[in-house]
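Following: one structure in structure tokens, then a few remarks.
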Amino acid sequence: MITSVKGTRDLLPPDTRVWNRVEAAARDVFALYGFDEIRTPVLESTELFVRSVGESSDIVHKEMYTFTDRGDRSVTLRPENTAGVARAYVEHSLAQAGRPWKLYYMGPQFRYERPQKGRYREFRQIGAEVLGDPTAVMDAEVIVMLFDFLGRLGFTGLSVSINSVGTEATRPAYVEAVRTFFSSNEKTLGEDDRRRLADNPLRVLDSKDPAVKQLVASETFPKMVDLLPTLDPASDAHHRELKALLVASKVTFKEDPLLVRGLDYYTRTVFEVTAEGLGAQNALLGGGRYDKLISDLGGPKTPGIGFAIGEDRLVDVLPEPFRKKALEGMRAIAVVPVGSADMPDAWGIARLLRGAGLPVDFHSGHRGVGQALKSAEKSGAVIAVLVGQEEGLRGTVVVKTLATRSQEELPREGLAAVLQARL
RNA sequence: GUGGGAGUAGCUCAGUCGGUAGAGCGUCGGAUUGUGGUUCCGAAUGUCGCGGGUUCGAACCCCGUCUCUCACCCCA
């Protein structure tokens, strides 16, 4: 048997109904904020991710699906979607429009990792980006929009963690402070954290090593937000403004000076929402500002802010009422010919009902009326219309309520309207 | 890439001391030729994940491998 590739999975009905509802909610809410959809290729030049996500990141050096195509080009299945959006922005000179772009996307992403709870090699993200507006207002707007969306799905009590990581110009000073701090505590660092300190120092901040956690949690551990007022007043002001706007919008947030993110391109604002029930992979969504990314890709100096939601994880922890409602199928009408001679007649009635806008689950009846009724109910039909010879002569059909098994003979004339009222 | 757990029918699982495989649910047929949910009768379906080894004999023990799963790493 040929099975799906490791770390990939089929989404089957009725689960796909849930996915569709979630995506429809995203489209609705994002549109309220003036966002339009962008669709970028799943396949991109490898160089795009090397330059945007960052060569030092694990994503690039060990998690990408990279291969050489028949034309000898190195291509990669996108591990995230922001780079593609940024690439498209530059490639199509969208900056020329003279306005900020508010874009959202949804689709599959690929990372070659060992699968576990909430982590797949093919996973789906829903994300949004604002390109061309440097203000904290936009940071606040995407976070507010996010909460609006999550609220629509029925989430309550979620809180977003926020932090500022400064700018490319000021971060080295902070990294230095972190290194200095650990230089006197080097012995407590495990192998992993030593490597981090060398390669991607800020990752040490969310180490899972209890000893390191304790150190990092101590009063004396340097925090970027503490350094900002003197080191980077502009970022400090940005951060304060964002907090004020979130307070004004009644979004619950908590400042987490230890919050850092894995992609190299973030500047200033970073944020994250985690959720219970996802095991160790508890990050439900993450985002931040990236004021250098577009120019790094050869575009005009353009600030950006965005987020990405792990859709698989989102569906995993979706509030039950929303899931339940989404799983309810179409309340369809089963049309069943009683005998094979009744097929054309039944067919005509099905067409008539569909024409009136009613969902019809047509049954061939080849295994008998009983089986047809049974399978009709299994696939979610609530009413069955039995089309037979005897009733045909009288210009009627048998209308059966599947749940109660009660039935009555109704005239064909005006049938659609009567059924509409009963659905 | 590293470590733990698991893999038996479509699904959930049992399988004793190593003696060539079972249940429930589901599916299909019949009792019921124009009416399904209950009941009764009957039936089908397995490379016991795969490959090798030990053994007279392996679902069971050993080795390898694949997949799933959980954790590390990393991240959504």
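All chains are named by letter (A, B, ...) in the order of the sequence lines, taking the proteins before the strands, and each is independently numbered beginning at 1. Owing to the predicted nature of the structure, the values given are computational and were not obtained by experimental measurement.
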Side-chain ion pair, A:Arg9 and A:Asp15, N-O less than 4.0 Å: no
Donor-acceptor check, side chain of A:Arg51 to backbone of A:Asp296, threshold 3.5 angstrom: yes or no? yes
P atoms of B:rC61 and B:rU16, separation to the nearest Å: 10 Å
Scan A:Thr274 against the nucleic acid and name what it touches under 4.0 Å (heavy atoms): base, sugar-phosphate only, or nothing. nothing
Side-chain donor/acceptor of A:Arg111 to base of B:rA76, under 3.5 Å: yes
Please give the distance between the C1' atoms of B:rG24 and B:rA31 as a whole number of Å. 23 Å
I'd like to know if A:Glu391 reaches the base of B:rG34 with its side chain such that a donor and an acceptor end up less than 3.5 angstrom apart. yes
Can you check the distance between B:rA44 and B:rG4, where both ends of the measurement are the C1' atom (answer in whole Å)? 40 Å
Is it true that a side-chain atom of A:Tyr174 and a backbone atom of A:Pro222 form a donor plus acceptor pair closer than 3.5 Å? yes
B:rA76 phosphate, OP1 or OP2: any side-chain N/O from A:Arg261 under 4.0 angstrom? yes
Would you classify A:Gln407 as touching base, sugar-phosphate or nothing, given that sugar-phosphate means primed atoms plus P, OP1 and OP2, and contacts are heavy atoms under 4.0 Å? base
Check the distance between B:rG36's C1' and A:His363's NE2 and give it to me in whole angstrom. 11 Å
What contact category does A:Tyr120 fall into here, base, sugar-phosphate, or nothing, at under 4.0 angstrom with non-hydrogen atoms? base
Which sits closer to the 5' end of RNA chain B, A:Lys400 or A:Asp312, going by the nucleotide each is nearest to? A:Lys400
Report the distance from atom CD of A:Glu390 to atom P of B:rU35, rounded to the nearest whole Å. 11 Å
Between A:Glu311 and A:Val338, the residue closer to the 5' end of RNA chain B by nearest nucleotide is A:Val338
Starting at CZ of A:Phe49 and ending at P of B:rC75, how long is that distance when rounded to a whole Å? 16 Å
Mate of B:rC48 across any strand shown (Watson-Crick or G-U wobble, both atom pairs under 3.5 Å) is none
Which nucleotide in the list B:rA76, B:rU2, B:rG34 gets nearest to the side chain of A:Arg114? B:rU2
For B:rA43, which nucleotide is its Watson-Crick or G-U wobble mate, given both distances must be under 3.5 Å? B:rU27
Which nucleotide, B:rA76, B:rC28, B:rC72, lies nearest any side-chain atom of A:Phe123? B:rA76
Please report, rounded to the nearest Å, how far the P atom of B:rA76 is from the CD atom of A:Glu113. 9 Å
State the pairing partner of B:rC73; accept Watson-Crick or G-U wobble contacts with both distances under 3.5 Å, and report none otherwise. none
Residue matched to B:rG22 through Watson-Crick or wobble contacts both under 3.5 angstrom: B:rC13
Will you find, in the side chains of A:Glu276 and A:Asn282, an N or O donor that is under 3.5 Å from an N or O acceptor? no
Base of B:rC73 paired with side chain of A:Arg119 (donor-acceptor, under 3.5 Å): yes
Students often get this wrong, so: under 4.0 angstrom with heavy atoms, is A:Leu285 touching a base, only sugar-phosphate, or nothing? sugar-phosphate
Provide the Watson-Crick or G-U wobble partner of B:rU55, both distances under 3.5 Å; none if there is no partner. none
How many whole angstroms separate atom CG of A:Asp345 from atom P of B:rG34? 17 Å
Could you check whether A:Arg121 makes a cation-pi contact with A:Phe110, meaning its NZ or CZ is under 6.0 Å from the centre of the six-membered ring and within 45° of the ring axis? no
For a quick check of understanding: with a heavy-atom distance under 4.0 Å over all strands, which category does A:Ala334 fall into, base, sugar-phosphate or nothing? nothing
Between B:rC68 atom C1' and A:Asp10 atom CG, what is the distance in whole Å? 14 Å
In a check of side chain to side chain contact (heavy atoms under 4.5 Å, CB included) between A:Tyr89 and each of A:Ile38, A:Leu94, A:Leu297, which one passes? A:Leu94
Return the nucleotide paired to B:rC68: Watson-Crick means purine N1 to pyrimidine N3 with N6-O4 or O6-N4, wobble means G-U with N1-O2 and O6-N3, both under 3.5 Å. B:rG5
Return the nucleotide paired to B:rU33: Watson-Crick means purine N1 to pyrimidine N3 with N6-O4 or O6-N4, wobble means G-U with N1-O2 and O6-N3, both under 3.5 Å. none
Nearest to the side chain of A:Gln116, heavy atoms from C-beta on, is which of B:rU69, B:rC73, B:rU35? B:rC73
Sugar-phosphate only, base, or nothing, as touched by A:Gly118 at under 4.0 Å among non-hydrogen atoms: base
Are the charged groups of A:Arg87 and A:Glu91 less than 4.0 angstrom apart, N to O? yes
Of the options A:Val270, A:Val225, A:Leu246, which is the one that meets A:Ile162 in a side chain to side chain contact (heavy atoms under 4.5 Å, CB included)? A:Leu246
Nucleotide B:rC73, atom C1' - distance to NZ of A:Lys62 in whole Å: 5 Å
Round to the nearest Å and state the distance from A:Phe149 atom CZ to B:rA76 atom P. 17 Å
Look at A:Arg203 and B:rC75 and indicate whether a side-chain polar atom (N or O) is within less than 4.0 Å of OP1 or OP2. yes
Pick base, sugar-phosphate or nothing for A:Leu402, based on heavy-atom distances below 4.0 Å to the nucleic acid. base
Compare side-chain N and O positions of A:Lys6 against OP1 and OP2 of B:rU67 and report whether any pair is under 4.0 Å apart. yes
Students often get this wrong, so: under 4.0 angstrom with heavy atoms, is A:Gln389 touching a base, only sugar-phosphate, or nothing? base
A:Gln281 (side chain) and B:rA71 (base): donor-acceptor pair under 3.5 Å: no
State which of B:rG36, B:rG29, B:rG34 makes the closest approach to the side chain of A:Arg367. B:rG29
Does A:Gly287 reach a base, just sugar-phosphate, or nothing at all? Heavy atoms under 4.0 Å. nothing
